[in-house]
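Letters go in sequence order (proteins before strands), and every chain restarts at 1. FYI, side chains are in, hydrogens and waters are out, and symmetry mates aren't considered; it's all heavy atoms of this structure.
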Number of protein chains: 2
Amino acid sequence: MGSQMIKGIPKRKTREEILELSAPLFAQYGYDGVSMRDVAAVAGLTQAALYYYFSDKDQLYLDAVGCAFEEKMEPLKALFDGAGNPWDRLESFVFQFARLLAKEENFRRLIQWVLLDSDERRLQSLADQVFRDLFSALRHLAVEVAPGHDPQSFVISLIGLVIYPFETRSVRRFLPGYQRQHEDPEAIARHVVGLMRNGLGTNSEGKSQQTPGPGQTCGADVSAP
Amino acid sequence: MGSQMIKGIPKRKTREEILELSAPLFAQYGYDGVSMRDVAAVAGLTQAALYYYFSDKDQLYLDAVGCAFEEKMEPLKALFDGAGNPWDRLESFVFQFARLLAKEENFRRLIQWVLLDSDERRLQSLADQVFRDLFSALRHLAVEVAPGHDPQSFVISLIGLVIYPFETRSVRRFLPGYQRQHEDPEAIARHVVGLMRNGLGTNSEGKSQQTPGPGQTCGADVSAP
DNA sequence: GTCTATACGGAGATAGAC
DNA sequence: GTCTATCTCCGTATAGAC
């Protein structure tokens, strides 16, 4: 932080600030959907000025995503340090993660965009900078929690269960039976934890094959056809 | 099919054909990543000719996605007609769906793109044409299989569990512990069905809170740090 | 550091010949 | 039906003044 600002001018429209302002844009519209002019507009400077801080659009995007991820995932990392009951730590992670996804929709969308990226270099770069640590930590936790299961499948299932309700929100809004409650992070987390522990059979009546019978097939809250 | 082709010229580069050829493009690169010129190139005609069949790019995209969805989901719909054991039907769906996703990567990516679309009109249109039927059918099946549970959460979890291994494949390739086996639709389907039935406790030892102890925390196949 | 100006290609869409 | 040609606007990126 030596040669960054020459005079004492208070407007320090620094690199970091541009990243934080552009992240929501990329989250909403994706890499192709955001132009350098768009970024410049929200950052409050002209498009040409961006090239003072970033060599090209790719660099800006990569840094914005990496920065957002680091910032949002920071608090979650503490969960993996502490020892203690693995199940409890897993449960904490699920709840914290669900709350994070509910609160930071932009962050969640950024992940979605990354998963769809078809640029190999960007993908590799983001995998290294952004996903590797979290994924490894979760895998280790998985080994503790469920020693008999494949940790990879465990982790994918866990994350998928938490994320998917949010990922599908955009389209479920237009589908029958939509309720606000299905976006509640606490409810989602409880549901996921319950599913991971016991599956659908709430009380160990697993692998029963009998059908409930046609008389009670519509007992639950089916609010639309 | 009356006034479509005037002469007996065999080259019937009809509307449908353009849709089928453009779908893979949209699947790979998304709406913004595909130009009318790109579509024209794979369809074997010039960009201007596309406007004979489609009023604009939006229409082309919408029809391509709808068409692809109808085509790929057709075989799955039969599963919901037949009566019989709901669990068996659910299991069949999971296996068929997993096989479909494994075989038709383009189709899977199209779904992902739709979920990220930020155009309200497109979203609404696709929800109506594309997702509504399948979603309703699954919800009815959910009510039969697990009368005590919320069908909406049930369905989201089920689909998420099946789809997420495929959605994350692009980035998991670069992560430690990646194995081909994790993309096998049969393995994924078995895993999902098992999870839905019993959770992680394979034999009804649910909600046990004891830790496995530090001695065996690394017993599984951790192939990388 | 940030600006204005501009280069240059590619985007969607249309006009009109054949 | 499909073409060529073209319009207009927007994309990334650079040059050079201040």
Side-chain angles (χ1 to χ4, degrees), chain A residues 1-23 25-26 28-65 113 117-119 121-122 125, chain B residues 1-23 25-26 28-65 113 117-119 121-122 125:
Chain A
M1 57 186 71
S3 61
Q4 290 288 55
M5 46 171 57
I6 310 296
K7 292 283 191 89
I9 305 169
K11 59 181 277 190
R12 40 178 181 79
K13 193 79 64 180
T14 172
R15 197 184 143 96
E16 299 276 320
E17 199 170 346
I18 298 174
L19 291 179
E20 278 168 25
L21 289 166
S22 64
L25 281 185
F26 286 122
Q28 190 69 44
Y29 304 106
Y31 180 85
D32 288 326
V34 175
S35 70
M36 294 298 269
R37 284 177 169 91
D38 294 333
V39 174
V42 300
L45 29 73
T46 59
Q47 176 247 144
L50 294 176
Y51 288 88
Y52 174 78
Y53 296 102
F54 308 95
S55 60
D56 54 15
K57 188 185 176 183
D58 245 66
Q59 197 59 53
L60 167 58
Y61 171 76
L62 243 34
D63 285 1
V65 174
W113 284 113
D117 202 334
S118 50
D119 184 299
R121 281 177 49 259
R122 280 202 302 254
S125 168
Chain B
M1 55 189 71
S3 60
Q4 290 288 55
M5 46 171 57
I6 311 295
K7 294 281 192 89
I9 305 171
K11 58 181 277 189
R12 41 177 181 80
K13 192 81 62 180
T14 172
R15 196 184 143 94
E16 298 276 318
E17 199 170 346
I18 298 173
L19 292 179
E20 279 167 25
L21 288 166
S22 63
L25 281 184
F26 286 121
Q28 190 69 46
Y29 304 107
Y31 180 85
D32 288 326
V34 175
S35 69
M36 294 298 271
R37 287 172 170 89
D38 293 334
V39 174
V42 300
L45 30 72
T46 59
Q47 175 246 145
L50 293 176
Y51 288 87
Y52 175 79
Y53 296 101
F54 308 95
S55 60
D56 53 15
K57 188 186 175 184
D58 243 66
Q59 198 59 54
L60 168 59
Y61 171 77
L62 241 36
D63 286 2
V65 173
W113 284 113
D117 202 333
S118 50
D119 184 299
R121 281 178 48 260
R122 279 203 302 253
S125 168

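What separates CG of Leu45(B) from C1' of dG1(D) is a distance of 10 Å, to the nearest Å. When the P atom of dA11(C) is taken as reference, atom CG of Leu60(B) falls 14 Å away, rounded to whole Å. When the P atom of dG12(C) is taken as reference, atom CD of Gln47(B) falls 7 Å away, rounded to whole Å. As rounded to whole Å, 12 Å separates atom P of dG1(D) from atom CD1 of Ile18(B). Regarding Phe54(B), its CZ atom lies at a distance of 15 Å from the C1' atom of dT2(D), rounded to whole Å. Here the C1' atom of nucleotide dA13(D) and the CD atom of Gln59(A) are 15 Å apart, to the nearest Å. In this entry the distance linking CE of Met36(B) with P of dG9(C) reads 23 Å, nearest Å. When the C1' atom of dT4(D) is taken as reference, atom CG of Leu50(B) falls 15 Å away, rounded to whole Å.
Using a 4.0 Å heavy-atom cutoff across all strands shown, Val34(A) reaches sugar-phosphate atoms only and no base atom. Residue Ser35(B) is classed as a sugar-phosphate contact, given heavy-atom separations below 4.0 Å to backbone atoms only.
Open room surrounds CD on Glu16(B); 12 or fewer heavy atoms of other groups in view lie less than 6.0 Å from it. The environment of Tyr51(B) atom OH is dense: over 12 non-hydrogen atoms of other residues, nucleotides or ligands sit within 6.0 angstrom.
In this structure, the nucleotide among dT2(D), dA13(D), dC3(C) sitting nearest to the side chain of Ala49(A) is dC3(C). Of the candidates dT14(C), dA15(D), dT12(D), dA15(D) carries the atom nearest the Ala48(A) side chain, counting heavy atoms from C-beta on. Nearest to the side-chain atoms of Asp56(B) among the listed nucleotides dT4(D), dA13(C), dC3(C) stands dA13(C).
Between Arg122(B) and Tyr31(B), the closest side-chain pair of non-hydrogen atoms falls below 4.5 Å. Annotation: side chain of Leu19(B) is in contact with side chain of Leu60(B) (closest heavy-atom distance under 4.5 Å).
Taking both residues in full, the closest heavy atoms of Ala43(B) and Leu21(B) are given as CA-CD1, 3.9 Å, listed atom of the first, atom of the second, then distance.
Of the side-chain N and O atoms in Tyr52(A), none sit less than 4.0 angstrom from OP1 or OP2 of dT2(C). Taking 4.0 angstrom as the limit, Tyr51(A) places none of its side-chain polar atoms (N or O) nearer than this to OP1 or OP2 of dA15(D).
For Arg37(B) against dG10(C), no side-chain N or O and base N or O form a donor-acceptor pair under 3.5 Å.
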